[in-house]
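Heads up: the structure comes next, in structure tokens.
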Amino acid sequence: MTKVGSGTQVAEALTGMGETLTDRTDSGALKTDKAVLLPLADLDRDWQRIGARDPNPLADAVLRAKRAKKWGEDYAQGFMAKLDTAGRIHPVISPLAARTGRMSATDGLHQLPSSDYVVRRSILAEPEHVMVSSDLQAIEMRVLAALADVKRMKEGFLRGGEKFDIHAYTARLIKGDAATPRDRKVFKGAGFGKVYGGGIQTIARQTGATEAEIAHAVAAYDRAFPEIKRASTRWQRQAFQNDMVFVSAVGRRLPLDRDRIYAVVNYACQSAARDVLGQAMIEMESSGLLEYMRLPIHDEILASAPKGDAADVAREFERCMTMSLYGVPIVAEAEIGGRSWGSLYGASE
DNA sequence: TCAATGGGCGCG
DNA sequence: AAAGCGCGCCCATTGA
């Protein structure tokens with residue numbers, strides 16, 4: 001019996017059909033993940049036909065079977081098994097679980113599909129209550145600007161106000177009035193690459209631009225924000241001189257891998273972003289919002305409140321999440337949904 | 001039968 | 001010069 005969950009068997013079957021697999025896992029096995037299967041099935045990232053080749057029916061079937069199983073059994077039935085007698089789920093929040101200091105949550109509550117509301121729709125507020133979510137806006141870019149003291153980025157955030165779009169600002173800064181939405185996408189990728197330490201190849205793959213274009217954009221990015229590289233070098237040196245341990249602004253000790261020292265930028269950003277959310281949560285507690293809080297999700301607080309109070313509660317959450325970090329404004333935006341979590345993202349209930 | 005590991009996939 | 005970061009949970013496989 002061939003199983004879709006067995007990469008070995010899927011790889012064997014695909015090569016037997018004449019497909020050529022090249023990507024390898026860390027241990028040397030042939031990869032059969034989504035990035036490999038989607039092109040074989042002639043599908044793009046959104047599962048739309050590309051029209052570049054005849055779809056391989058096995059690749060297509062494996063993709064659909066995996067998704068159906070994950071959503072149906074792992075999420076839906078998995079949740080049912082975790083409910084208490086009142087139908088509630090009780091995740092455990094570990095406030096400092098990650099190596100970066102990030103929080104984590106059990107029961108997969110941080111990992112529910114967000115692009116499609118079908119799973120999140122199953123999580124409900126009390127009767128007559130609605131879901132509220134409040135997000136920190138572009139928190140990692142703001143934190144990077146604050147920690148690395150990036151002059152022109154800070155200027156943007158300071159002048160930009162609440163709806164400020166850092167990536168559009170960067171595109172305009174570098175390309176002037178000629179900046180296009182495509183430029184914004186490319187520089188967004190470049191900024192992402194800075195925060196995560198991504199290479200040219202990775203950014204190109206994610207943005208769909210050519211490597212040459214990305215290389216050019218990253219170089220321009222470095223000229224516009226030279227402080228980022230300087231901070232990265234400084235943090236790496238600091239870690240080297242301290243037994244490969246980076247000490248964050250609040251004194252948290254973050255061990256780094258020798259062969260991935262560049263990750264210190266990401267560690268610094270994730271850690272500081274976590275502290276911003278933590279500070280906000282302290283403010284929420286002293287502002288009487290504890291009874292509405294449901295789940296922290298890295299840059300967001302999920303809450304629920306009686307319908308009639310939702311607007312006030314949402315405003316209060318925004319206020320608690322608004323602060324200044326080394327002169328960089330930290331801004332939040334709350335959204336009021338319906339009774340289900342899924343309704344927060346445009347779904348009808 | 002059980003624990004550990006690798007591969008995979010969802011999120012921010 | 002080059003480098004995606006961090007989780008939790010699932011299944012299949014492997015080795016006691």
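In the text below, chain A, chain B and the rest are named by the order of the sequence lines, each starting its count at 1. Values reported hereafter were calculated over all heavy atoms of this structure, with side chains retained and with hydrogens, waters and symmetry mates removed.
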For A/Glu140, is there an ion pair with A/Lys194 - N to carboxylate O distance below 4.0 angstrom? no

Within residues 55-73 of chain A, residues whose heavy atoms come under 4.0 Å of DNA chain B: A/Lys66, A/Lys70

Side-chain N or O of A/Thr202 versus OP1/OP2 of C/dG4: is the shortest distance under 4.0 Å? yes

Would you call the rings of A/Phe157 and A/Phe164 parallel, tilted or perpendicular, taking 30° and 60° as the class edges? perpendicular

Any base atoms under 4.0 Å from A/Ala273, or only sugar-phosphate, or nothing? Heavy atoms, all strands. nothing

What is the first contacted nucleotide of DNA chain B and what is the last, in 5' to 3' order, if contact means an atom lying under 4.0 angstrom from a heavy atom of chain A? B/dG6 to B/dG12

Starting at CH2 of A/Trp235 and ending at C1' of C/dC5, how long is that distance when rounded to a whole Å? 14 Å

Have a look at A/Gly108 and say if it touches a base, only the backbone sugar-phosphate, or nothing, with a 4.0 Å heavy-atom cut-off. sugar-phosphate

Name the nucleic acid region contacted by A/Arg99, choosing base, sugar-phosphate or nothing; use a 4.0 angstrom heavy-atom cut-off, strictly under. sugar-phosphate

When we call it a touch if two heavy atoms are under 4.0 Å apart, what does A/Thr32 touch: a base, just sugar-phosphate, or nothing? sugar-phosphate

Using a 4.0 Å heavy-atom cut-off, does A/Gln206 contact any base of the nucleic acid, only the sugar-phosphate backbone, or nothing at all? base

A/Arg230 to A/Trp235 six-membered ring, cation-pi geometry met (6.0 Å, 45°): no

What is the separation between atom CD on A/Glu211 and atom P on C/dA1, rounded to the nearest whole Å? 16 Å

Could you tell me how far apart A/His298 (NE2) and C/dG8 (P) are, to the nearest whole angstrom? 9 Å

Calculate the interatomic distance between A/Leu30 atom CG and C/dT13 atom P; express it in whole Å. 15 Å

Classify A/Ser94 by what it touches in the nucleic acid, base, sugar-phosphate, or nothing, heavy-atom distance under 4.0 Å. nothing

Would one find a side-chain N or O of A/Arg258 under 4.0 angstrom from OP1 or OP2 of C/dA3? no

For A/Ser104 and C/dG6, is the shortest distance between a side-chain N/O and OP1 or OP2 below 4.0 Å? no

Pairing of A/Glu126 and A/Arg88 as salt bridge, 4.0 angstrom limit: yes

Rounded to whole Å, how long is the line connecting atom NE2 of A/His90 with atom P of C/dG8? 20 Å

State whether the distance check finds a donor on one side and an acceptor on the other, under 3.5 Å, for side chain A/Gln111 versus base C/dC9. no

Decide yes or no for A/Leu277 and A/Pro296: does some side-chain heavy atom of the first lie under 4.5 Å from some side-chain heavy atom of the second? yes

Charged N-O contact under 4.0 Å between A/Asp183 and A/Arg172: no

Working to the nearest 0.5 angstrom, can you tell me the gap between A/Lys82 NZ and A/His90 NE2? 13.0 Å

In this structure, how many angstroms lie between the P atom of C/dA2 and the CZ atom of A/Arg260, rounded? 19 Å

Indicate, with a heavy-atom threshold strictly under 4.0 Å, whether A/Tyr75 touches base, sugar-phosphate, or nothing. sugar-phosphate

Kindly express the pairing pattern of DNA chain C in dot-bracket notation, using | wherever a base pairs with another strand and counting only Watson-Crick or G-U pairs under 3.5 Å. ....||||||||||||

Using a cut-off of less than 4.0 Å, is there contact between a side-chain N or O of A/Gln201 and OP1 or OP2 of C/dG4? no

Can you tell whether the side chains of A/Asp44 and A/Arg49 come within less than 4.0 Å, N to carboxylate O? no

Could you check whether A/Arg274 gets within reach of a base, just the sugar-phosphate, or nothing at all, counting any heavy atom under 4.0 Å? nothing

Taking any heavy-atom pair under 4.0 Å as a contact, classify A/Asp107: base, sugar-phosphate, or nothing. sugar-phosphate

Ring center gap for A/Phe79 and A/Tyr75 short of 6.0 angstrom: no

Ignoring hydrogens and angles, state whether a donor on the side chain of A/Ser340 or A/Arg121 is under 3.5 Å from an acceptor on the partner side chain. no

What nucleic acid atoms does A/Leu112 come within less than 4.0 Å of, heavy atoms only: base, sugar-phosphate, or nothing? sugar-phosphate

What's the CG-P distance between A/Leu144 and C/dC5, to the nearest Å? 16 Å

When you check the gap from the basic side-chain N to the acidic O, do A/Glu19 and A/Arg53 get nearer than 4.0 Å? yes

Is there a donor in the side chain of A/Thr322 and an acceptor in the side chain of A/Glu318, or the other way round, less than 3.5 Å apart? no

Using whole Å, what does the distance between atom P of nucleotide C/dT13 and atom CD of A/Glu12 come to? 11 Å

Do any N or O atoms from the side chain of A/Asp33 and from the backbone of A/Val36 form a donor-acceptor pair under 3.5 angstrom? yes

